[in-house]
Amino acid sequence: MSEEHFKSVISHAKEYGFVFLSSEIYDGLAAVYDYGQNGVELKKNIREYWWKSMVQLHENIVGVDASIFMAPDVWKASGHVDGFSDPMIDNKDSKKRYRADVLIEDFQEKYRVKNQKEITKAKKRFGEDFDLEQFVATNPNIARNNAKIEAIDERLKEGLESGNLHLVKELIEELGIACPVSGSKNWTDVRQFNLMYSTQMSATDGDNKIYLRPETAQGIFVNYLNVQKTGRMKLPFGIAQTGKAFRNEIVARQFIMRMKEFEQMEMQFFVTPGQEMEWYNHWKSHRMKWHLNLGIDKRKYRFHDHIKLAHYANAAVDIEFDFPFGFKEVEGIHSRTDFDLKQHELATGKKLQYFDHEKNESYIPYVVETSIGLDRMFLVLMSNALQTEDLGDGQTRTVLKLPPALSPFQCAILPLVKKDGLPELAKKIMRDLSLDFNCYYEEKDSIGKRYRRQDAIGTPICITVDHDSVNDQAVTIRYRDTMNQMRVSLSELHETIEKEVSMKALLKGLI
RNA sequence: GCGGGAGUAGCUCAGCUGGCCAGAGCAUCAGCCUUCCAAGCUGAGGGUCGCGGGUUCGAAUCCCGUCUCCCGCUCCA
């Protein structure tokens with residue numbers, strides 16, 4: 001796939017009512033998108049596939065729908081207030097952006113390297129008699145370097161903790177830190193980038209800042225005990241949730257890949273400490289199965305283990321998809337340990353422990369999280385499904401080969417012509433099928449044209465009502481992917497369609 | 001935030017050495033045709049050429065400003 005393909009996905013998404021730029025008539029709002037009449041159906045179906053696979057098919061997983069607003073202290077406890085606000089600085093010449101604290105830490109590293117050299121040298125000199133501890137404690141060069149490192153640490157800390165970011169810039173200037181790319185010391189001011197959006201709680205202005213959640217997970221953690229007790233849940237059990245989350249990305253682009261407002265589908269699985277790796281591996285393979293069950297080429301998927309872990313995790317892996325712009329993360333599976341619950345226990349003083357009757361003891365459960373971006377999954381399906389087929393003779397066909405159960409419409413009902421009672425019969429068929437499937441009705445234009453229009457929005461089955469239908473009570477079914485046709489009697493129509501396009505048929509692949 | 005590209009009809013664009021157009025194809029709508037794989041015929045609607053200002057007798061076209069989108073730099077679902 002390519003950038004070209006990506007562009008065609010974006011324009012196809014707009015042209016056929018899947019995704020529109022937010023506030024488009026006002027020139028748009030960057031990195032915010034709206035789902036159109038077809039997009040909302042696809043998105044809803046993805047959500048439903050996820051929800052049913054997680055909640056309906058697992059007796060020990062239940063759902064919640066927590067609010068987007070939460071007590072501000074939740075985000076202090078979770079580490080989002082401090083952990084996700086980075087001081088950034090730009091080099092004006094190279095146009096590169098750096099985290100100011102990382103720049104300074106890299107500078108400190110030079111002294112550490114120097115110390116290491118001293119040690120290596122001394123080792124050679126003293127040979128067998130070398131006493132590392134004594135050498136480090138007494139060598140004046142090492143002491144001087146360590147003092148410098150510490151002094152820098154202190155000043156960096158002072159700047160960051162007081163919020164006086166100009167102190168951090170001063171430090172960078174004083175140390176003479178140069179941009180690794182341009183080599184220049186021409187820096188912008190240090191600026192704070194905050195991950196979380198905030199608004200105020202009360203109608204009148206004042207100091208009552210409240211955040212828009214940057215992840216849905218915390219809504220699960222703060223309700224974990226409510227659910228566990230009222231639902232009489234026993235470990236291991238999971239709580240699932242889908243919902244909007246908000247992140248103020250420094251740069252949010254690539255269509256719906258990185259949006260400021262996006263939807264997550266998360267499941268937090270609570271387990272007995274010590275069993276977390278077992279469950280981590282279980283969910284890792286189970287989630288991949290969910291993806292591959294959609295019929296997508298498995299070469300387009302891969303796992304990517306995190307080397308650098310988030311502050312709350314002890315193991316993390318991404319499920320990546322080969323987007324038109326390369327392999328990128330769609331879903332993350334994290335072993336979050338007891339970090340979150342412990343933090344909330346500390347912050348609130350409320351016991352968030354689980355009493356294990358078998359062990360006859362209380363403990364904070366460990367958590368394994370699966371977290372998938374609904375919008376990213378939408379993009380996975382769109383970019384995987386959109387194809388231009390060469391039919392020979394210079395003829396092409398644009399077709400959206402979505403998994404049938406997830407398509408905006410499961411079938412289209414098309415009277416061959418707009419008279420002779422065909423529309424009436426078609427509408428009668430439509431009324432019956434609409435109880436189970438989202439159906440599209442269309443009587444305009446030639447039948448071929450209508451087939452192509454359905455191809456473009458991914459409708460897997462077209463049902464054509466012709467003159468014979470009135471007499472033989474049968475219709476022609478035309479398949480999107482093969483363009484093959486088949487005569488089916490009205491009495492068998494429902495069953496035939498259901499086998500191919502129902503959510504049930506899709507879910508069967510998971511069990 | 002910085003740099004680069006772009007902005008004319010729903011879509012793709014032409015027009016941009018300032019004055020014959022505000023246009024083409026597709027799409028849309030109405031009617032005819034009654035067709036099992038798009039592009040048959042007739043007609044219709046739709047744009048203050050991103051926005052503001054300037055130069056000029058005259059600006060889509062030249063100048064200045066501004067906004068927005070796209071790409072790159074950081075982070076992530």
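Just so it is clear: chains get the letters A, B, ... in the order the sequence lines come, proteins before strands, and each one is counted from 1.
The side chain of A:Lys449 lies closest to B:A38 when the candidates are B:U34, B:U35, B:A38. Listed nucleotides B:A77, B:C36, B:A38 differ in distance to A:His334; the shortest reach to its side chain belongs to B:A77.
Using a 4.0 Å heavy-atom distance criterion, A:Leu416 is classed as a base contact. Within 4.0 Å (heavy atoms only), A:Ser371 reaches sugar-phosphate atoms of the nucleic acid but no base atom. Within 4.0 Å of A:Lys444, counting heavy atoms only, lie sugar-phosphate atoms of the nucleic acid but no base atom. A:Asp466 comes within contact range of at least one nucleobase, with a heavy-atom separation under 4.0 Å. Using a 4.0 Å heavy-atom criterion, one finds that A:Glu263 contacts no nucleic acid atom at all.
Rounded to an integer number of Å, the gap from A:Glu442 CD to B:A38 C1' is 12 Å. Remark: P of B:A77 and NE2 of A:His291 are 14 Å apart, rounded to the nearest angstrom. In this structure, A:Gln485 places its CD atom 7 Å from C1' of B:C37, rounding to the nearest Å. As a whole-Å value, the separation of A:Glu261 CD from B:A77 C1' is 14 Å. Remark: P of B:C36 and CE of A:Met483 are 16 Å apart, rounded to the nearest angstrom. A straight line from CD of A:Glu443 to C1' of B:C33 spans 16 Å, rounded to a whole angstrom. When rounded to the nearest whole Å, the span between CG of A:Asp375 and P of B:A77 equals 14 Å. The distance between atom CG of A:Asp445 and atom P of B:A39, rounded to the nearest whole Å, is 9 Å.
A:Asp420 is listed as a side-chain neighbour of A:Val417, based on a closest heavy-atom distance under 4.5 Å. A:Phe262 has its side chain out of reach of A:Leu374: every pair of non-hydrogen atoms, C-beta onward, lies at least 4.5 Å apart. Taking 4.5 Å as the limit, some side-chain heavy atom of A:Trp283 sits within range of a side-chain heavy atom of A:Phe269.
On the P atoms, B:G7 is 12 Å away from B:U12, given to the nearest whole Å. Taking atom C1' on both nucleotides, B:G3 is separated from B:U8 by 27 Å, rounded to a whole Å. Comparing the same atom, C1', in B:G58 and in B:C21 gives a spacing of 15 Å after rounding to whole Å. Only the P atoms considered, B:C75 is 38 Å distant from B:A14, to the nearest whole Å. The C1' atoms of B:U56 and B:C63 are separated by 12 Å, rounded to the nearest whole Å. When the P atom is used for both B:C33 and B:U42, the distance is 15 Å, rounded to whole Å. Nucleotides B:G72 and B:G25 place their P atoms 36 Å apart, quoted to the nearest Å. One C1' atom belongs to B:C13, the other to B:A60, and the distance between them is 14 Å to the nearest Å.
Across all strands shown, B:G1 is found opposite B:C73 as a Watson-Crick or G-U wobble partner, with both distances under 3.5 Å. Pair assignment for B:C21 gives none, since no Watson-Crick or G-U wobble pairing has each distance under 3.5 Å. In this structure, B:G47 forms no base pair with any nucleotide, since neither Watson-Crick nor G-U wobble geometry is met with both distances under 3.5 Å. Nucleotide B:A9 forms a pair with no other nucleotide shown, judged by Watson-Crick or G-U wobble geometry with both contacts under 3.5 Å. Nucleotide B:A60 has no partner under the Watson-Crick or G-U criteria, as no pair reaches both atom distances under 3.5 Å.
Between B:U28 and A:Arg453, a contact under 4.0 Å exists linking OP1 or OP2 to a side-chain N or O. Between A:Lys14 and the phosphate of B:C11, there is a side-chain N or O to OP1/OP2 separation shorter than 4.0 Å. The side chain of A:Lys328 places no N or O atom within less than 4.0 Å of a non-bridging phosphate oxygen (OP1 or OP2) of B:A77.
Atom CZ of A:Phe321 sits about 5.5 Å away from atom CD1 of A:Ile296, to the nearest 0.5 Å.
For B:C37, its base never sits under 3.5 Å from the side chain of A:Arg397 at any donor and acceptor pair. No donor-acceptor contact under 3.5 Å links the side chain of A:Arg258 to the base of B:A77.
With centroids closer than 5.5 Å and planes inclined by less than 30 degrees as the test, A:Tyr451 and the base of B:A38 fail to qualify as a stacked pair.
The salt bridge (charged side-chain N to carboxylate O under 4.0 Å, His left out) test with A:Arg336 singles out one residue from A:Glu369, A:Glu266, A:Glu276, and that residue is A:Glu369.
For A:Arg478 and A:Tyr451, the positive end sits near the middle of the six-membered ring, less than 6.0 Å away and at most 45° from its axis. Taking the ring centre of A:Phe327 as origin, the terminal cationic atom of A:Arg302 falls inside the region bounded by 6.0 Å and 45° from the ring axis.
With RNA chain B read from its 5' end, the first of the two nearest nucleotides for A:Thr476 and A:Ile10 is the one closest to A:Thr476. Remark on RNA chain B: of its neighbouring residues A:Lys418 and A:Asp455, the 5'-side contact belongs to A:Lys418, judged by nearest-heavy-atom nucleotide.
Note: A:Tyr211 and A:Phe246 fail the aromatic proximity criterion, with ring centroids not under 6.0 Å apart.
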